[in-house]
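Bear in mind that the values here come from a model prediction, so they are computed numbers and not experimental data. Order of the sequence lines fixes the chain letters, A, B, ..., with proteins taken first and strands second; residue numbering starts at 1 for each chain.
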Amino acid sequence: MGLIQASRGTRDILPDEVVYWQQVETAARQILGRAAYREIRTPIFEQTSLFERGIGEATDIVGKEMYTFVDRGERSLTLRPEGTAGAVRAFIEHKLHTQGGVQRLWYTGAMFRYERPQAGRQRQFHQLGVEVLGSADPRADAEVIAIATDLLQTLGLKDCTLSLNSVGNPSDRQHYREALVAYFQPYQTQLDSDSQERLYRNPLRILDSKDPRTQEICQTAPSILDYLGPESQSHFQRVQQYLTDLGIAYQLNPCLVRGLDYYTHTAFEFQTENLGAQATVCGGGRYDGLVQELGGPETPAVGWAIGLERLILLLQQQAQVFSTQLDFYVVARGEVAEAQALCLAQKLRQQGFAIELDLSGSAFGKQLKRADRSGAPACLIIGDAEAEAKTVQLKWLKSGQQQVISQADLLTQTEALRQQLITVS
RNA sequence: GCGAGCGUAGCCAAGUGGUUAAGGCAGAGGAUUGUGAUUCCUCCAUUCGUGGGUUCGAUCCCCAUCGUUCGCCCCA
């Protein structure tokens with residue numbers, strides 16, 4: 001019918017759903033604030049080369065998923081596909097390292113990847129992420145994981161498991177990569193076609209193939225954990241020890257590899273079985289080389305990102321209801337009464353009450369029905385008689401009890417009103 | 001980028017190559033001109049995502065397109 005719809009892979013978040021988003025944002029602000037993380041807001045688009053260098057030319061994100069365009073000044077720009085590159089660029093550009101010590105940052109916002117939409121996967125989606133810049137201490141790894149755990153738990157997320165791995169430093173990984181290629185080569189023809197292609201380009205990826213025969217072959221493949229040098233091993237051991245000290249359960253998964261080139265040492269994911277193929281709710285790890293790669297000083301770093309659409313899908317599945325709580329629903333009929341209702345509603349709002357004013361002008365019966373459905377514990381009724389006497393009928397919807405009170409008293413006895421609202425609910 | 005399924009009102013849906021496209025929820029009005037439940041009555045898709053084709057005739061069959069869902073790839 002020619003109506004313009006939201007573009008493919010984008011969607012509107014309507015008021016009923018926004019309450020979930022606010023719930024997440026409020027919890028995040030509180031938890032991150034307590035841990036001395038500070039919010040950073042970076043641009044939605046960046047120079048294309050930032051992502052090419054930061055994420056890695058060989059990755060799918062850079063290879064086929066970026067929203068890249070040329071602007072009127074002939075610059076190649078890209079809508080950010082993830083948040084880390086921009087945050088690190090800002091860190092370097094504004095020389096935040098000169099502020100000394102460790103920088104703890106967090107961000108939230110829209111990200112863009114050109115992919116086939118699926119449940120829990122869109123072209124415009126939202127992440128909430130943290131980055132700790134300037135610490136190589138394994139306690140930093142443990143801290144970010146603990147904060148993610150805390151946030152997910154606070155939101156009441158169930159059935160979410162933490163997978164943990166180490167991908168070592170670049171030299172460990174190089175040795176491991178060679179060993180893997182050597183192991184897989186004899187099986188080359190038995191691997192699924194995707195994995196055959198990955199054999200030389202990105203052999204680590206073969207490990208998380210979903211093809212049954214490939215998985216079988218992977219069972220006896222060499223483990224990255226046997227290729228970690230002493231330093232990497234010690235780092236990984238300490239991360240695990242700290243998690244145990246924190247009482248955080250995790251599962252070692254030597255097949256866990258991250259998609260982006262910049263990861264080193266710790267890699268982790270929070271996964272669920274309730275999202276179909278999109279199992280990862282939160283993914284992160286350490287990226288000691290990225291800051292330098294982007295032209296900054298040598299700066300170890302660790303962080304994670306939560307996919308908010310996925311998180312909120314899970315919260316909705318758990319049927320948690322967060323409704324905006326109304327205190328009074330105001331109903332009026334008649335010209336004078338309607339004017340009084342308008343003013344009374346506004347004055348009560350100024351006193352801190354949450355008020356919905358019925359604007360329909362329809363019969364009291366209809367207005368009362370709406371009052372009932374609004375979820376407000378009580379309603380205020382003003383008709384001709386009340387308008388004349390400058391009073392209001394205060395009706396408690398649960399009990400049906402009703403009392404007459406003067407409009408002036410209503411505004412001065414706010415403490416008593418508040419008490420009544422509390423006892424009723 | 002590849003493979004498969006789906007698209008009938010705000011929501012959930014039945015339906016058939018043949019004049020008027022079930023039903024339910026929600027919504028509006030009324031019975032009740034000042035009080036929430038229940039009940040009852042009335043209204044609520046000139047049209048079946050969009051465009052084209054086949055046909056005397058298409059919501060139904062065919063093609064294309066858009067959207068969506070599931071899987072692969074990949075990722076949050």
Side-chain angles (χ1 to χ4, degrees), chain A residues 1-11 14 16 55 58-65 80-84 108-129 148 192-195 197-198 202 205-206 208-211 214 256-260 268-272 275-285 303-314 329 331-334 337 358 360 362-376 378-387 393-402:
Chain A
M1 58 183 99
L3 277 184
I4 297 174
Q5 302 174 310
S7 302
R8 175 158 223 211
T10 70
R11 55 185 214 104
L14 300 176
D16 283 343
I55 299 173
T59 62
D60 275 29
I61 292 180
V62 172
K64 58 182 200 190
E65 293 175 2
R80 61 182 183 196
E82 52 98 56
T84 300
T108 186
M111 308 292 162
F112 303 84
R113 293 183 199 171
Y114 191 92
E115 298 183 273
R116 284 284 299 255
Q118 247 172 270
R121 173 193 293 168
Q122 297 162 218
R123 290 182 174 182
Q124 175 176 337
F125 63 105
H126 298 78
Q127 288 186 336
L128 184 142
D192 61 278
S193 57
D194 284 320
S195 293
E197 276 189 39
R198 287 185 285 221
N202 200 346
R205 290 237 73 94
I206 299 177
D208 61 3
S209 166
K210 286 172 188 166
D211 182 82
T214 302
L256 177 66
V257 290
R258 309 310 335 278
L260 315 184
F268 59 89
E269 283 184 5
F270 288 84
Q271 294 162 328
T272 172
L275 283 177
Q278 274 64 244
T280 304
V281 180
C282 172
W304 49 250
I306 290 176
L308 292 180
E309 276 80 2
R310 291 180 187 180
L311 175 60
I312 283 159
L313 278 172
L314 291 170
Y329 190 94
V331 153
R333 196 140 162 79
D358 192 304
S360 70
S362 49
F364 274 120
K366 299 290 177 192
Q367 295 197 48
L368 262 292
K369 192 171 172 176
R370 265 179 239 120
D372 196 35
R373 289 186 184 177
S374 75
C379 78
L380 302 172
I381 306 167
I382 308 178
D384 292 333
E386 290 78 14
Q393 299 275 354
L394 169 57
K395 176 162 190 164
W396 298 95
L397 291 163
K398 213 168 185 177
S399 64
Q401 283 180 353
Q402 190 167 323

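- Shown here are the side chain to side chain contact (heavy atoms under 4.5 Å, CB included) partners of A:Ala337, two or more places apart in sequence or in another chain: A:Ala332, A:Ile382, A:Ala387.
- In the displayed structure, A:Phe364 atom CZ is contacted under 6.0 Å by more than 12 heavy atoms of other residues, nucleotides or ligands.
- Contact between the side-chain N/O atoms of A:Lys210 and the OP1/OP2 oxygens of B:G71 is not found at any separation under 4.0 Å.
- At most 12 non-hydrogen atoms from other residues, nucleotides or ligands lie less than 6.0 angstrom from CD of A:Gln401.
- Scanning for salt bridge (Lys or Arg N to Asp or Glu O under 4.0 Å) contacts around A:Lys64 gives A:Asp60, with sequence neighbours left out.
- Backbone-only contact: A:Arg370 has heavy atoms under 4.0 Å from sugar-phosphate atoms and none from a base.
- Side-chain proximity of A:Ala119 to B:C75, B:C70, B:C74: nearest is B:C70.
- At a threshold of 4.0 angstrom between heavy atoms, the contacts of A:Arg198 are confined to the sugar-phosphate backbone, with no base atom among them.
- Taking atom P on both nucleotides, B:A37 is separated from B:A26 by 11 Å, rounded to a whole Å.
- A:Glu386 is linked by a side-chain hydrogen bond (donor to acceptor under 3.5 Å, both in side chains) to A:Gln393, counting only residues two or more places apart in sequence or in another chain.
- Closest-nucleotide positions on RNA chain B for A:Ala363 and A:Gly383 were compared, and the one nearer the 5' end corresponds to A:Ala363.
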Paired and unpaired positions of RNA chain B as dot-bracket, Watson-Crick or G-U wobble under 3.5 Å, | denoting a partner strand: (((((((..(((.....[....))).(((((.......))))).....(((((..]....))))))))))))....

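- The gap from the C1' atom of B:G18 to that of B:U59 amounts to 13 Å, rounded to the nearest Å.
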Could you list the protein-to-nucleotides 3-9 of chain B atom pairs, N/O on both sides, closer than 3.5 Å?
unit_1	atom_1	unit_2	atom_2	d
B:G3	O6	A:Arg116	NH2	3.3

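- A search for salt bridge (Lys or Arg N to Asp or Glu O under 4.0 Å) contacts involving A:Arg333 returns nothing, not counting sequence neighbours.
- Taking the nucleotide of RNA chain B with the nearest heavy atom to each of A:Arg8 and A:Glu82, the more 5' of the two is matched to A:Arg8.
- Among residues two or more places apart in sequence or in another chain, the salt bridge (Lys or Arg N to Asp or Glu O under 4.0 Å) test is passed with A:Asp208 by A:Arg205.
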Could you list the donor-acceptor pairs under 3.5 angstrom formed between side-chain atoms of residues 115-122 of chain A and any protein atom two or more places apart in sequence or on another chain?
unit_1	atom_1	unit_2	atom_2	d
A:Gln118	OE1	A:Arg121	NH1	3.4
A:Arg121	NH2	A:Gln278	OE1	3.3
A:Gln122	OE1	A:Arg11	NE	3.2
A:Gln122	NE2	A:Gln124	O	2.9

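- At a cut-off of 3.5 angstrom, the base of B:C75 holds at least one donor-acceptor pair with the side chain of A:Arg310.
- Between B:G71 and B:G15, the two C1' atoms lie 31 Å apart (nearest whole Å).
- Below the 3.5 angstrom threshold, one finds no donor paired with an acceptor across the side chain of A:Arg121 and the base of B:A76.
- A:Ser360 is linked by a side-chain hydrogen bond (donor to acceptor under 3.5 Å, both in side chains) to A:Asp358, A:Ser362, A:Arg370, counting only residues two or more places apart in sequence or in another chain.
- Among the atoms of the strands shown, only primed sugar atoms or phosphate atoms (P, OP1, OP2) are found under 4.0 Å from some heavy atom of A:Ala305.
- Listed by chain and residue number, A:Leu191, A:Asp192, A:Ser195, A:Ile206, A:Ser209, A:Asp211, A:Cys218 satisfy the side chain to side chain contact (heavy atoms under 4.5 Å, CB included) test with A:Thr214 (two or more places apart in sequence, or in another chain).
- Listed candidates were B:C74, B:C75, B:C72. Nearest to the side chain of A:Asp194 is B:C72.
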Please list each protein N or O that sits under 3.5 Å from an N or O in nucleotides 35-41 of chain B, with the distance.
unit_1	atom_1	unit_2	atom_2	d
B:U35	O2	A:Lys395	NZ	2.9
B:U35	N3	A:Gln402	OE1	3.3
B:U35	N3	A:Gln402	NE2	3.2
B:U35	O4	A:Gln402	NE2	2.9
B:G36	N7	A:Lys395	NZ	2.9
B:G36	O6	A:Leu397	O	3.3
B:G36	O6	A:Gly400	N	3.4
B:G36	N1	A:Leu397	O	2.1
B:G36	N2	A:Asp372	OD1	2.2
B:G36	N2	A:Leu397	O	2.9
B:G36	N3	A:Asp372	OD1	3.3

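- When the C1' atom of B:C66 is taken as reference, atom CZ of A:Arg11 falls 19 Å away, rounded to whole Å.
- You won't find any donor-acceptor pair under 3.5 Å spanning the side chain of A:Arg205 and the base of B:C74, going by distance alone.
- Residues passing the salt bridge (Lys or Arg N to Asp or Glu O under 4.0 Å) test with A:Glu269, sequence neighbours excluded: A:Arg258.
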